[in-house]
Amino acid sequence: MFAMVGCSTLVNPPRPRLGEQTHQQFRTEVRSVAELDYLLYVPRGASHEPSKKWPLVLFLHGAGERGSDLSKVAVHGPPKLAAAGGDLPFILVSPQCPVGKVWDAPLLIKLLDQIQRRLPVDSRRVYVTGLSMGGYGTWDLAMRYPERFAAVAPICGGGERIRSLLLSSSQREAIKGLKVRVYHGGKDTVVPLAESERMVEAFKKLGTVDIELTVYPEAGHDSWTRTYQNPEFFKWLLAQAR
């Protein structure tokens, strides 16, 4: 849920001269409040090992799960496994994006900050994965905050390639060490395979070495079920450390 209020004022605007281009300045103050509901799963073993640090997986759902019904978040991916009673060996954070919005990377990082203050998170083993719109959100987090994650796994998503060309030197350096696994259906007509291919190529140009694209030749948009049901996916993910 988002609320925003603000006021706009002109700062000493000179009177415009007709037929001439003049320097003007605009200043505004904006105050915003943002809320995210989310599903949180903490491993059962956390109560038996209070000093242990746990890996954390941030899961970003697709556009169809936006809204205020948090149960929709658990229809796919890791929260679906948790809802089915699976004993997951990691802390799982699954936020819900409001209707009409897309994933907001700075807001998600603030959520992670709060979780890491509250819970025994291993800061070297934080991961993000998401599907469709969540795949786009995953790529965005990987570009904006690569230093926060050991590995990322966008599924049937894409990203703003232009952003990869405008990174700071510290972002570029952090991306080189990021581990990336990408998944897409060869017959996806919702988000074309080319979207993942473009981002993989962009990250390779940035120096990312450990990056792989898996294409399911006969799959359509649903390339997430096969991925998240594969135990090897989580085995690889949890083996990565920053």
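Since this is a predicted model, take the numbers as computed values, not measurements.
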Indicate, with yes or no, if L237 and I211 share a hydrophobic cluster defined by side-chain heavy-atom contacts under 4.5 Å among Ile, Leu, Val, Met, Phe, Trp and Tyr. no
*asked:* With a 4.5 Å cut-off on side-chain heavy atoms, are L92 and L39 touching?
replied: no
I want to check something: taking the side chain as every heavy atom from C-beta on, are H61 and Q96 in contact at a cut-off of under 4.5 Å? yes
Note to self: Is there a side-chain contact between L193 and D188 in this structure, where contact means two heavy atoms from C-beta onward sitting under 4.5 Å apart?
What the structure shows: no
Smallest heavy-atom separation, K80 atom then V75 atom, equals CD-O, 3.3 Å
Given the rule that I, L, V, M, F, W and Y join up when any side-chain heavy atoms are under 4.5 Å apart, are M143 and F149 in one cluster? yes
Exercise for review: Side-chain contact test, heavy atoms from C-beta onward, threshold under 4.5 Å: evaluate it for Q24 versus T22 and give yes or no.
Suggested key: yes
Please lay out, stage by stage, how L56 and L112 fare under the test side chain to side chain contact (heavy atoms under 4.5 Å, CB included). CA-CA 9 Å; L56 181 150; L112 279 181; 3.6 Å; yes
Should L81 and Q229 count as side-chain neighbours, where that means a heavy-atom distance under 4.5 Å?
no
Just by distance, no angles: are the side chains of S94 and Y41 close enough, under 3.5 Å, to form a donor-acceptor pair? no
Quiz question: by atom type and distance under 3.5 Å, do the side chains of R148 and Q116 form a donor-acceptor pair? yes
Classify the ring geometry between Y183 and Y216 as parallel (under 30°), tilted (30 to 60°) or perpendicular (over 60°). parallel
Between P98 and R66, the two heavy atoms sitting closest are O-CD, 3.6 Å
Item to complete: Give the intermediate values and the outcome of side chain to side chain contact (heavy atoms under 4.5 Å, CB included) for residues V57 and F234.
Response: CA-CA 10 Å; V57 175; F234 291 102; 5.7 Å; no
Handout entry: F90 ring center within less than 6.0 Å of Y127 ring center
Key = no
Would you check, one step at a time, whether the test side chain to side chain contact (heavy atoms under 4.5 Å, CB included) holds for L213 with V180? CA-CA 9 Å; L213 169 61; V180 186; over 6 Å; no
TODO: Report yes if the side chains of M133 and L60 come closer than 4.5 Å at any heavy-atom pair, otherwise no.
DONE: no
Here the gap from I91 atom CD1 to L119 atom CG, rounded to the nearest 0.5 Å, amounts to 5.0 Å
d(E212 CD, R181 CZ) to nearest 0.5 Å is 4.0 Å
- Message: Using modelled atom types and a 3.5 Å cut-off, is there a donor and acceptor pairing between side-chain atoms of Q171 and backbone atoms of R144?
- Response: yes
What one should report as the nearest heavy-atom pair of V99 and G67 is CG2-CA, 3.4 Å
Next item on the list: State yes or no: do L88 and V42 share one hydrophobic cluster built from I, L, V, M, F, W and Y residues joined by side-chain heavy-atom distances below 4.5 Å, directly or via other members?
Entry: no
Evaluate whether atom NZ of K72 has more than 12 neighbouring non-hydrogen atoms of other residues, nucleotides or ligands under 6.0 angstrom away.
yes
In terms of heavy-atom contacts, E218 and K187 come closest through OE1-NZ, 2.6 Å
Is K176 salt-bridged to E173, cutoff N-O under 4.0 Å?
yes
Note to self: Counting C-beta onward and ignoring hydrogens, is there a side-chain heavy-atom pair between V73 and Y38 closer than 4.5 Å?
What the structure shows: no
* Would a hydrophobic clustering, with Ile, Leu, Val, Met, Phe, Trp and Tyr connected at side-chain separations under 4.5 Å, put V126 with L108? -> yes
NZ (K110) and CD (Q114) are apart, to the nearest 0.5 Å, by 11.0 Å
Value for CG (L36) from NZ (K101), rounded to nearest 0.5 Å, stands at 11.0 Å
Stepwise, does the side chain to side chain contact (heavy atoms under 4.5 Å, CB included) test hold for I109 with L141? CA-CA 8 Å; I109 288 297; L141 281 169; 4.0 Å; yes
Fill in: Shared hydrophobic cluster for W139 and L131 (ILVMFWY, side-chain gaps under 4.5 Å)
no
When the ring planes of H221 and W224 are compared, do they come out parallel, tilted or perpendicular, using 30° and 60° as the limits?
perpendicular
Value for CG (L58) from CG (L111), rounded to nearest 0.5 Å, stands at 7.0 Å
For W236 and K179, the nearest pair of non-hydrogen atoms, with its separation, is CZ2-CB, 3.7 Å
Nearest heavy-atom contact between A34 and L107 is CB-CD1, 3.8 Å
Would you mind reporting whether V152 and V182 have side-chain heavy atoms less than 4.5 Å apart?
no
